[in-house]
Asks: 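This is the structure I want to talk about, given as structure tokens.
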There are 2 protein chains.
Amino acid sequence: MKQRIVIIGFGTVGQGFCEILLNKKEFLKKQYGLKWEIVGIADKAYGNVYNAKGIDVPFLLEEAKAKKQFSKDASKWDTLTLIKKSKADIVCELTYTDLKTGEPAYTHCKEALKSGKHVVTSNKGPAALHYRKLIKLADKYGLHFRIEGTVVAGTPILNLAAGPLAGCEITRIRGILNGTTNYMLTEMEKGMSYAEVLKVAQELGYAEADPTGDVEGYDARGKVTILANVVMDGQLDIDNIPCRGITGITSSDIHTAKEHGKRWKLIGTVEMKDGKVTGSVAPEMIDLTHPLAGVMGATNALTFTTDLLGDVTMVGPGAGRWQTGFAILNDVLTIDSAY
Amino acid sequence: MKQRIVIIGFGTVGQGFCEILLNKKEFLKKQYGLKWEIVGIADKAYGNVYNAKGIDVPFLLEEAKAKKQFSKDASKWDTLTLIKKSKADIVCELTYTDLKTGEPAYTHCKEALKSGKHVVTSNKGPAALHYRKLIKLADKYGLHFRIEGTVVAGTPILNLAAGPLAGCEITRIRGILNGTTNYMLTEMEKGMSYAEVLKVAQELGYAEADPTGDVEGYDARGKVTILANVVMDGQLDIDNIPCRGITGITSSDIHTAKEHGKRWKLIGTVEMKDGKVTGSVAPEMIDLTHPLAGVMGATNALTFTTDLLGDVTMVGPGAGRWQTGFAILNDVLTIDSAY
């Protein structure tokens, strides 16, 4: 069956996902039998387009890259109408994350499911704030709500936990979940001060003009919430998770750790104790022999502690154009293989 | 549906698998809906048992631990007859590996598939020597031939490659695939000579009395063959894969590597170049900044190089009672979830 896809949000991730679909069209068909058609796109900057027979993706990609309004198959439907009325099988919700309200992505996901469409998202908002409600809704209608792209998208840890680790009980998750702060700590070890390295990180595009979300640990906390509630079936409220970032780490702290054969890392932790799931984010001095200690630069990593295997660690890239695009693709393949 | 299972080979892995099934019975039912019954066991040492209604697993586990012959539900069927005639859904082939002929496991797998039963195996023989024939046979009958337990069983890399990494093209695999030699190299770095550390490894049970399979790289070569032919769809013949073990590594080599910020590791490599898959096993000096360099002791690790994600590394335990038992369980869960 051909998967008809609607894309909400045509920024880096949406464009990257479409480029992958186009570049790998033959491979995906041959290897996995995937046939697809993009039937609609909604984007705040470029406008909304819809064509039940399929839109001209290469043309629209060029328009978006030229920062032009979409000029082909323009639709009068607003985004919610497009989600509800489009003849589509899968809605990919790829708008920017709002960790306070989860909106407008939460409403997008909800309406997509209610109108009988699977949802794949890279948006941490709905996943961190409303996972339980959305998965319940998806189950009710026999649909998928898939979120691999929400947590270190380039390292498929959610699908790893759900599939290849199935059968294990995961009792603890510890991870380097934010590439920006890991890059900063790596550079501080080479001699730069916190203020200097923040400036470089901003110049490189790793950190935003307002770096609060990264350096105060809020981004990592969003991911901890998702890991706790999705992988460990917890019921954590993001605001109640203790969270300390790296703003208090000085060059002297870095030096002291080194002297003791350790290294500072911003660690997100989820733990199961006596049937209760807890989470936290804080800088920790990690022993150099631990697999997480060797993870440098913008790389992410995560250790699952399990009953049957002990520790299993995965190291890989965080988010990015291809990385998050891949996560969306992998979830689409999973949906496709189930039908 | 209840999965009726026959176990061929009741050594460490078979016993470990049964213990996991018993210990986690409620968890597996609640979490994954898995219902199971062991209906037969065949073992060279303890004899063959069969009961279509289910055998008494705890009792037989005790007998095996006491090195007694099975005294309950003893069957007159030889192993091949048990495989063919038993009313079972899944045959778990858990006998010892023979990398020269793949027998008797190859025949066991073949006959199981021919009589309509899924096969799950931890035996490297059939997987390294006859994968293509067996998967073709399985496809012909609409059955599963699953082999997660054959390569670093405690770190689910085959199922990772097939599932959560689907959509990527894997262009290279490099890994520490043998725990014994990695333990030996780790200890040599601490100051022991090759001869000394081999003796300790044998005392600890890591290395066998005849350590050839580990130290000459043959075990790693078997895994390289499986990775090449299963993950990268190659057609490698195990005997044609260049293979050098660690017997030539001296304390002086270890020291030289250290001076250059590197570390010796026995690396199995599979590469795709111009559409052709090649494999090799050899000791390599790895830069200390590479994720594989930090993997010490009997731990295994593997880096996938992919088109969309770059490098993704997985670190975890190798084989063992629970680890390989888990791999069998995970494959059984996959089969169960497909029906």
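As the structure is a prediction and not an experimental result, all values here were calculated from the model. Basis for what follows: all heavy atoms, side chains included, without hydrogens, waters or symmetry-related copies. Here is the naming used below: chain letters follow the sequence lines, and residue numbers restart at 1 for every chain.
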Asks: Any Lys/Arg nitrogen of B:Lys265 or B:Glu284 sitting under 4.0 Å from an Asp/Glu carboxylate oxygen of the other?
Replies: no
Asks: If I measure from the heavy atoms of chain A, does B:Asp311 come under 4.5 Å with its side chain, its backbone, both, or neither?
Replies: backbone
Asks: With a 4.5 Å limit on heavy-atom distance, are the side chains of A:Leu288 and A:Arg263 in contact?
Replies: yes
Asks: State whether A:Lys24 and B:Glu169 are salt-bridged, where the test is any N-O pair (Lys NZ or Arg NE/NH1/NH2 against Asp/Glu carboxylate O) under 4.0 Å.
Replies: yes
Asks: Only one of B:Asn159, B:Val332, B:Ile135, B:Leu158 passes side-chain contact (heavy atoms from CB on, under 4.5 Å) with B:Arg146; say which it is.
Replies: B:Asn159
Asks: If you count heavy-atom pairs within less than 4.5 Å of chain A, which of B:Gly294, B:Gly316, B:Pro156, B:Pro164 leads?
Replies: B:Pro164
Asks: Tell me whether A:Glu19 is salt-bridged to A:Arg321, with the criterion being a basic N under 4.0 Å from an acidic carboxylate O.
Replies: yes
Asks: Got A:Val312 and B:Val315 here, is their nearest side-chain heavy-atom distance under 4.5 Å?
Replies: no
Asks: Quick one: what part of A:Ile157 sits under 4.5 Å from any heavy atom of chain B, side chain, backbone, both or neither?
Replies: neither
Asks: Pick one of side chain, backbone, both or neither for B:Leu28, based on which atoms fall under 4.5 Å of a heavy atom in chain A.
Replies: side chain
Asks: Is B:Gln31 close to chain A through its backbone or its side chain, or both, or neither, when contacts mean heavy atoms under 4.5 Å?
Replies: neither
Asks: Should the pair B:Glu26-B:Lys29 be classified as a salt bridge under the 4.0 Å nitrogen-to-oxygen rule?
Replies: no
Asks: Can you tell which part of B:Leu329 gets under 4.5 Å to a heavy atom of chain A, answering side chain, backbone, both or neither?
Replies: side chain
Asks: If you tally heavy-atom pairs under 4.5 Å against chain B, which of A:Phe326, A:Trp322, A:Tyr32 wins?
Replies: A:Phe326
Asks: Does any backbone or side-chain atom of B:Leu34 lie under 4.5 Å from a heavy atom of chain A? Answer side chain, backbone, both or neither.
Replies: neither
Asks: Between B:Leu333 and chain A, with a heavy-atom cut-off of 4.5 Å, which part of the residue counts as in contact: side chain, backbone, both or neither?
Replies: side chain
Asks: Under 4.5 Å from any heavy atom of chain A, what part of B:Asp331 do you find: side chain, backbone, both or neither?
Replies: neither
Asks: Given heavy-atom pairs under 4.5 angstrom as the criterion, report whether the side chain, backbone, both or neither of B:Met314 touches chain A.
Replies: both
Asks: Please flag which part of B:Phe304 lies under 4.5 Å from any non-hydrogen atom of chain A: side chain, backbone, both or neither.
Replies: neither
Asks: Any salt bridge linking A:Asp336 with A:Lys2? Criterion: basic side-chain nitrogen under 4.0 Å from a carboxylate oxygen.
Replies: no
Asks: Classify the ring geometry between A:Tyr131 and A:Phe145 as parallel (under 30°), tilted (30 to 60°) or perpendicular (over 60°).
Replies: tilted
Asks: Which answer fits A:Asp233, side chain, backbone, both or neither, if we ask what part of it has an atom under 4.5 Å from a heavy atom of chain B?
Replies: neither
